[in-house]
Every structure is written in structure tokens, then in C-alpha cells.
Amino acid sequence: MAFCPSCGKVLPPNGVCECGYTAAAPAPQNNGQAGAPGAAGAAGSGAFGEAVNVFVGAFKNPATNSQGVFTGKISTTAGFILAGAYCLITWITLMLMFLGKAAIINIDGNVMGMKFLPSFLFGLLGGVVFVIVRFISSILIYVFCKNSAVNIPQIFAAQCVDVVLPACIILVGSFFTFISIYFAVFFFILYALIVVYQQIDLIKRLSGNVNSNKLFIRFIVYILCMALILTILYLCYVKITSAGGNFI
């Protein structure tokens, strides 16, 4: 099954998409070589070089860049490397937020930050949790899309490509937490809205020509599942960070 590089929908057998894109005649690829998908995009640069190119491309084409994972233009390896970068960015973001005015509200109602060591450790824990959430989300999207042409690693890689822009947004927002906690709230809401849009768009693209009502139900069930998972993880995270109160 092929995907339209223009709109991301599944291409019909005749290769003509409803958006107007027409697929070219298939040409022999790899000439018998056992190259991995996306080898052309990564040729001569390696997986890390490809990941850097994908990272930059996420700012140039934020709505369509991740489609390259499903067309073979971007390898899943590059997506996994971006998952590591995502963990690093969220680690730094949360650490700065804990150090700033987005950590603890004391008895007097004043907002205060943590010391460096607990901020460093809790930031790392949060970065790992964010990546785990992405992987769980990939499993749910795979289940709801019912698309045998893709697999969970591909969906996870596509999500890691999509997360570049919103991750950088909350990183910028973390610097403002030294001024006020409200900046942290603002940037996290902005981050969450972009992520929800991206994931719903991904479900829509991978579901193909599914009835609109069925697609709507999938959206609702997916959001409910993610809300439950995030609530559980949040409560666990709060308990762990609260246990570090002696280090504040």
C-alpha cells in the first residue's frame, strides 16, 4: 500500500489521488541491493546525518515531513534517534521548569523552584516518561487505524518526527518560567494542542477512506484512552516528585 506524498492519503490502485497527485510509473530500486527504507535519503550521511536533516525539515514542512517515514524517504532509525533528542529536550525543559517558578507551591502560596539535583533527576524521569507516552500512543494509533501497510515502529518514528516543533516550543517556554508559572502553563497548553492535532491527523491519514462517523468515534476513543494513561502517569509522577520534598 502506497501513500500520497502530497496529502498523505492511501493511493488507489490506479495511482491517482483525489487531491490530484498522480504517481509516476514504478522504477527498479536498489538494483538488487538490500538497502533499508530511506537509504536514498540517508546515503552518504549516516543515520545521525539523516536525523539532523529530518529535524531541520520539520521546521520547513511541519505538516508533511513525517509522511516520509511511510513512503521510505525517512528511515525508522532516524526516527529513533529523534526520540532520543526528544527525551533530551524534554529533560532540559522540565529541569529548567523545576529550577524556575513551575515546581512547588509552598504553604504561603508562593511558587518556588527546586535545587539543581532533584530538578536534574526529575527532569530526566520526565523525559523518559514523555518518550514512553509516545510509544504507547503509537500502539493505540496502530490498533485504531487497522492499516496492515504500517507497523508500530514506523508510527513511533513518524511521531518522533512530528514532535520536533512542539518540543522546541516548550523548551523556549521553559526559559520564561523563571519569570512566572503562567508562562509554563501557556506553553504546555500550546504544546498539547499541537500534539493532539498531529496525532489526530496521523490517525486520519493512516485510516485511509474510512467513513467520517467511524473516524470520529476512533478519535474520541483514542483521546479517552490517552487521557486515562496520561492521568495515571501524571499521578505517579507527582507522587515521585513529591517524595523528593526533602531535597527542595
Side-chain angles (χ1 to χ4, degrees), residues 8 51 54-67 69 79 82-105 111-114 119 122-138 140-141 155-206 216 218-220 222-238 241:
V54 174
F55 185 93
V56 175
F59 293 92
K60 296 179 179 178
N61 305 293
T64 59
N65 197 43
S66 64
Q67 294 176 16
V69 175
L82 289 176
Y86 176 51
C87 181
L88 178 62
I89 291 173
T90 52
W91 175 5
I92 297 173
T93 297
L94 293 172
M95 181 179 69
L96 291 174
M97 287 185 173
F98 281 130
L99 287 171
K101 296 183 177 181
I104 298 296
I105 301 177
V111 182
M112 52 187 289
M114 290 183 176
S119 298
F122 294 148
L124 174 59
L125 176 62
V128 173
V129 169
F130 269 59
V131 174
I132 291 175
V133 168
R134 282 282 164 174
F135 187 74
I136 294 174
S137 173
S138 300
L140 291 176
I141 291 175
I155 297 174
F156 178 67
Q159 287 212 72
C160 291
V161 173
D162 277 337
V163 86
V164 169
L165 179 60
C168 289
I169 288 175
I170 58 170
L171 177 60
V172 171
S174 67
F175 290 99
F176 289 94
T177 59
F178 292 92
I179 303 174
S180 171
I181 188 175
Y182 298 111
F183 284 105
V185 175
F186 172 80
F187 281 100
F188 258 113
I189 291 176
L190 180 60
Y191 166 87
L193 291 175
I194 294 175
V195 168
V196 170
Y197 170 82
Q198 289 175 331
Q199 293 183 340
I200 289 179
D201 180 66
L202 184 58
I203 294 174
K204 185 177 180 180
R205 284 192 280 118
L206 295 181
F216 177 78
R218 291 185 187 183
F219 290 161
I220 297 300
Y222 169 78
I223 291 173
L224 288 174
C225 290
M226 286 303 300
L228 176 61
I229 292 169
L230 288 171
T231 300
I232 294 173
L233 289 174
Y234 173 75
L235 293 174
C236 293
Y237 188 75
V238 168
T241 53

Point to revise | side chain to side chain donor-acceptor pair (under 3.5 Å) against Asn61, all qualifying residues, sequence neighbours excluded | key: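 By the side chain to side chain donor-acceptor pair (under 3.5 Å) rule, Asn61 matches no residue at all.
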
What's the separation between atom [atom1] in [X] and atom [atom2] in [Y], rounded to the nearest 0.5 Å?
{"X": "Ile223", "Y": "Ile203", "atom1": "CD1", "atom2": "CD1", "result": "7.5 Å"}
{"X": "Arg218", "Y": "Leu140", "atom1": "CZ", "atom2": "CG", "result": "13.0 Å"}
{"X": "Met95", "Y": "Leu125", "atom1": "CE", "atom2": "CG", "result": "14.0 Å"}
{"X": "Leu202", "Y": "Tyr197", "atom1": "CG", "atom2": "OH", "result": "11.5 Å"}
{"X": "Leu230", "Y": "Ile136", "atom1": "CG", "atom2": "CD1", "result": "8.5 Å"}
{"X": "Phe55", "Y": "Leu165", "atom1": "CZ", "atom2": "CG", "result": "9.5 Å"}

Which pairs would a plain distance check flag for residues 184-194, meaning a side-chain donor or acceptor within less than 3.5 Å of a matching protein atom at least two apart in sequence or in another chain?
residue : atom : partner : partner atom : Å
Tyr191  : OH   : Tyr86   : OH           : 2.5

Point to revise | side-chain contact (heavy atoms from CB on, under 4.5 Å) partners for Leu228, two or more places apart | key: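 Counting only residues at least two positions away or on another chain, Leu228 forms a side-chain contact (heavy atoms from CB on, under 4.5 Å) with Ile232.
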
Exercise for review: Can you sort out the partners of Leu171 under side-chain contact (heavy atoms from CB on, under 4.5 Å), two or more places apart, ordered by chain and number?
Suggested key: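 Leu171 satisfies side-chain contact (heavy atoms from CB on, under 4.5 Å) with Ile89, Ile92, Thr93, Ser174, Phe175 only.
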
Review point. Any side-chain heavy-atom pair from Val163 and Phe130 closer than 4.5 angstrom?
Key: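 They are not in side-chain contact.
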
Review point. Quick one: does Phe59's side chain get under 4.5 Å of Val164's, heavy atoms only?
Key: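 Answer yes - side chains close enough.
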
Review point. Got more than 12 heavy atoms from elsewhere within 6.0 Å of CZ, Phe219?
Key: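 Yes, CZ of Phe219 has more than 12 neighbouring heavy atoms, counting only those of other groups under 6.0 Å.
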
Review point. Would you say Asn65's side chain and Val54's backbone share a donor-acceptor pair under 3.5 angstrom?
Key: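 Such a contact is found between Asn65 side chain and Val54 backbone.
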
Review point. Quick one: ring-ring contact (aromatic ring centres under 6.0 Å, His included) partners of Tyr234, sequence neighbours excluded?
Key: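 If we apply the ring-ring contact (aromatic ring centres under 6.0 Å, His included) test to Tyr234, skipping adjacent residues, there are no hits.
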
Can you give the donor-acceptor pairs under 3.5 Å from side chains of residues 155-162 to other protein atoms, not counting sequence neighbours?
residue : atom : partner : partner atom : Å
Gln159  : OE1  : Arg134  : NH1          : 3.0
Gln159  : OE1  : Gln199  : NE2          : 2.7
Gln159  : NE2  : Arg134  : O            : 3.3
Gln159  : NE2  : Ser137  : OG           : 3.3
Gln159  : NE2  : Ser138  : OG           : 3.0
Asp162  : OD1  : Ser66   : OG           : 3.1
Asp162  : OD2  : Ser66   : OG           : 3.4

